[in-house]
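Here is the structure we will look at, set down as structure tokens.
Naming convention: chains lettered A, B, ... in sequence-line order (proteins, then strands); numbering from 1 in each chain. In this text, all values refer to a predicted model and were calculated from it rather than measured experimentally.
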Protein chains: 2
Amino acid sequence: MASQTEENYLKSLFNLANDNNEVNISELATQMQVSMPTVNSMVKTLQKNGWLIYEKYKPVTLTPKGKKEAALIIRKHRLTEMFLVNKMGFGWEEVHEIAEQVEHIHAPKFFERMDEMMGFPTIDPHGSPIPDKQGRIQEINYLSLSDCKAGQTVILAALTNSSTEFLEFLNSRNLSLGTELKILSKEAYDQSIVVSYLDHSSETLSEKVCDKLLVKLLE
Amino acid sequence: MASQTEENYLKSLFNLANDNNEVNISELATQMQVSMPTVNSMVKTLQKNGWLIYEKYKPVTLTPKGKKEAALIIRKHRLTEMFLVNKMGFGWEEVHEIAEQVEHIHAPKFFERMDEMMGFPTIDPHGSPIPDKQGRIQEINYLSLSDCKAGQTVILAALTNSSTEFLEFLNSRNLSLGTELKILSKEAYDQSIVVSYLDHSSETLSEKVCDKLLVKLLE
DNA sequence: CAATTTTGTTAGATAAATCTAACATTATAA
DNA sequence: TTATAATGTTAGATTTATCTAACAAAATTG
């Protein structure tokens, strides 16, 4: 069984993996907020325990076992977030910190009950997919709002970032998943986008914000 | 902030404390399932952090700060157990292991929400009192079924032991908190007691079992 | 009350997860 | 294409929580 620390490395490795499933030591060190020597020694431990493949001076790659384990931890995290929002009345900006702790609980029945009680949700409160019990993740290819054009109508479906600050910004604009946005115009100079939705007839969203909003194109 | 290990020692210290609030090193070692030297060194750490008073070759005593901290961890444990039973549909024999992990979560709002959702319960699923937010515990002086006499009618109110095996034994006899028991007779030889309740017209309970059943006398 | 048993302590070792300082390799770029 | 920068590794130390072996104090008992 992976230690809590190992579990956190597995999660980061899963999230940092590029198209070749590779992660650099320095990226991992930044993500985990530890020094490179720490990562170096942990990576050796993770390899010894069969979670990843490591060769000196090369980026590391999760093994299938490591990838599955990571996905199952992410599953627990996302189920927890959804449970906190749907069953306990938390706001989407409050749940990450709690889920970060709950995800390490070893009690399959606990998470199965959450799952059942919610009717087996497939996405978390931020629109990210919840891996299934086998650790399989159903990737949905949303569009970034940044890549949309004036005249299009889209539905806000997910976020690429779920920091408290960003979520509080969205709350302040009354933006939530499922909101239908009409793109009124796009400013060529700074890539900002003007949208209308609900009772907001004209709201300007900066490129920084648009990059983080994932949408489904309507029609 | 106490480490998870320290929190477990505090809980044990709280539960083992005798009338003088004292706990012996050997008792603590047994309870924590570690060696005496381990306890010896941990006790020094706990003293350094202000959780208890320790003098060489003497039993240790929790400080008020230590006692409060312990009670607040026990509060989280018992709220969790009650939440698992009342809101998630677990049996009383399934919740201890899960609560043992959840109690270490640092997220006051999480436990406050549980508390609210349950309407501020004062006892856990095994009849043990839930300490309040200040760490105050309301002690109820129940009677042991062992101390009752033939002819008396009592209500099962709490348990002194909540091991899975014992809880499964009670389940097998259809015994749950709130059950009204009529004491039909008591065997002088082995202290066993014969009771009737619900559709059980005559059930014999050994001394070992009676010792663990706490009851309220009716009338 | 002296001998023995029980209880508690010290010393020193180990494993996990971290660090800094120094060094090595690989990548970038003048 | 060699100098420099970026990235990665090694060595060795630290902290936390644990252990065993050896020893010391306190409690029990014949």
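Rounded to a whole Å, the CD atom of B:Glu6 is 12 Å from the C1' atom of D:dT15. Between the CD atom of A:Glu27 and the C1' atom of D:dA6 there is a distance of 14 Å, given to the nearest Å. Rounded to an integer number of Å, the gap from NZ of B:Lys44 to P of D:dT18 is 15 Å. In this structure, CD1 of A:Ile25 is placed 16 Å from C1' of C:dA27, rounded to the nearest angstrom. In this structure, B:Gln4 atom CD and C:dA17 atom C1' are separated by 15 Å, rounded to whole Å. Atom-to-atom, CG of A:Leu16 to C1' of D:dT7 comes out at 16 Å; the value is rounded to the nearest Å. Between the CD atom of B:Glu22 and the P atom of C:dG8 there is a distance of 11 Å, rounded to whole Å. The nearest whole Å value for the distance from the CG atom in B:Leu28 to the P atom in C:dT6 is 20 Å.
Of the possible donor and acceptor atoms, one in the side chain of B:His126 sits under 3.5 Å from a partner among the backbone N and O of B:Trp92. Between the B:Gln152 side chain and the B:Lys149 main chain, a donor and an acceptor come within less than 3.5 Å of each other.
Between B:Tyr57 and C:dT10, a side-chain N or O to OP1/OP2 separation shorter than 4.0 Å is absent. Between B:Asn40 and C:dG8, a side-chain N or O to OP1/OP2 separation shorter than 4.0 Å is absent. Between B:Ser3 and the phosphate of D:dA17, there is a side-chain N or O to OP1/OP2 separation shorter than 4.0 Å. Between D:dT7 and A:Ser26, no contact under 4.0 Å exists linking OP1 or OP2 to a side-chain N or O. Dashed line: the shortest gap from a side-chain N or O of A:Lys56 to OP1 or OP2 of D:dT10 is under 4.0 Å. For B:Lys58 and C:dG8, the shortest distance from a side-chain N or O to OP1 or OP2 is not below 4.0 Å. The side chain of A:Tyr9 places an N or O atom within less than 4.0 Å of a non-bridging phosphate oxygen (OP1 or OP2) of C:dT18. Contact annotation: A:Ser41 side-chain N/O to C:dT18 OP1/OP2 distance is not under 4.0 Å. Contact check, A:Thr38 against C:dA17: no side-chain N or O comes under 4.0 Å of OP1 or OP2.
The aromatic rings of A:His96 and A:His77 sit tilted, their planes meeting at an angle between 30° and 60°.
Residue A:Lys109 qualifies as open at atom NZ: its count of foreign heavy atoms under 6.0 Å is 12 or below.
Within the nucleic acid shown, B:Thr5 comes within 4.0 Å of sugar-phosphate atoms alone, with no base atom in reach, counting heavy atoms only.
Residues B:Glu116 and B:Arg113 are paired through a salt bridge, judged by an N-O separation under 4.0 Å between the basic side chain and the carboxylate.
For A:Met36, counting side-chain heavy atoms from C-beta on, the closest listed nucleotide (C:dT18, C:dT7, D:dT7) is D:dT7. With D:dC19, D:dT18, C:dG8 as the candidates, the nucleotide lying closest to the side chain of B:Met42 is D:dT18.
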